[in-house]
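Values below: all heavy atoms of this structure, side chains included; hydrogens, waters and symmetry mates excluded.
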Amino acid sequence: MLCLEIWSGDVPFFSKTDDGVRHQLEQSKHPERPGRLATSKGLDTGMWNLMCRCWENNPEQRLSMKKVKPYIRGLTSQTCSV
């Protein structure tokens with residue numbers, strides 16, 4: 001969620017009440033993908049997909065940091081080679 005805050009400039013579920021956030025989480029719904037501001041700061045589809053995988057409802061399905069690190073390196077190398 002920290003990455004989402006950095007790219008969007010808002011806390012996750014910023015437009016929801018506490019009860020609304022609880023409902024979203026009970027329904028296993030992720031925060032909405034932020035718009036142009038986040039994209040202009042570098043939030044691309046690859047990073048968004050990574051963030052969503054880290055938010056899996058079932059902790060056993062979430063990526064470990066051991067897997068996140070090479071994933072980010074791969075995203076970075078793709079960006080740098082363009």
Side-chain angles (χ1 to χ4, degrees):
M1 294 293 170
L2 175 62
C3 290
L4 179 60
E5 288 185 49
I6 291 169
W7 269 296
S8 70
D10 288 315
V11 296
F13 302 109
F14 71 95
S15 64
K16 306 277 185 212
T17 64
D18 288 348
D19 287 336
V21 172
R22 190 173 10 268
H23 179 72
Q24 291 283 111
L25 296 176
E26 287 170 353
Q27 301 298 314
S28 300
K29 293 185 179 176
H30 298 146
E32 292 182 24
R33 183 174 178 167
R36 284 190 221 198
L37 177 62
T39 302
S40 71
K41 292 181 177 180
L43 178 58
D44 60 12
T45 300
M47 185 57 74
W48 178 252
N49 290 339
L50 171 64
M51 290 164 48
C52 289
R53 291 194 61 198
C54 291
W55 299 334
E56 286 291 337
N57 195 43
N58 181 346
E60 293 177 7
Q61 293 178 347
R62 294 178 196 147
L63 292 178
S64 67
M65 286 308 294
K66 190 174 187 176
K67 292 183 180 178
V68 168
K69 187 176 176 181
Y71 192 102
I72 291 175
R73 281 195 175 141
L75 290 174
T76 304
S77 67
Q78 289 173 11
T79 304
C80 292
S81 65
V82 172

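Applying the 6.0 Å contact sphere to CZ of R62 captures more than 12 heavy atoms from other residues, nucleotides or ligands. Within 6.0 Å of the NZ atom in K16, the count of heavy atoms belonging to other residues, nucleotides or ligands does not exceed 12. Atom CD of E5 has more than 12 neighbouring heavy atoms from other residues, nucleotides or ligands inside a 6.0 Å radius.
Under a 4.5 Å side-chain heavy-atom cut-off, the cluster of Ile, Leu, Val, Met, Phe, Trp and Tyr residues that includes L37 has no other member.
Applying the ring-ring contact (aromatic ring centres under 6.0 Å, His included) rule to W7 yields no partners; only residues at least two apart in sequence or on another chain are considered. Partners of Q61 by side chain to side chain contact (heavy atoms under 4.5 Å, CB included), not counting sequence neighbours, listed by chain and number: E56, N58.
Using a 4.5 Å heavy-atom threshold, the side chains of T45 and R33 count as touching. At a threshold of 4.5 Å between non-hydrogen side-chain atoms, the residues L50 and I72 count as touching. Contact annotation: the side chain of W55 approaches that of M51 to within less than 4.5 Å [non-hydrogen atoms, C-beta and beyond]. No side-chain heavy atom of K41 sits under 4.5 Å from any side-chain heavy atom of S8.
Here the CZ-CZ distance, from F13 to R22, works out to 12.5 Å after rounding to the nearest 0.5 Å. Here the CD-NE2 distance, from Q24 to H30, works out to 11.0 Å after rounding to the nearest 0.5 Å.
The heavy-atom pair separating W48 from P34 by the smallest distance is CZ3-CD, 3.7 Å. The nearest pair of heavy atoms linking L25 to N57 is O-OD1, 4.4 Å.
Taken together through direct or relayed side-chain contacts under 4.5 Å among Ile, Leu, Val, Met, Phe, Trp and Tyr, M65 and I6 form parts of separate hydrophobic clusters. Side-chain heavy atoms closer than 4.5 Å link hydrophobic residues (I, L, V, M, F, W, Y) into clusters, and following such links, even through other members, never connects L4 to V21.
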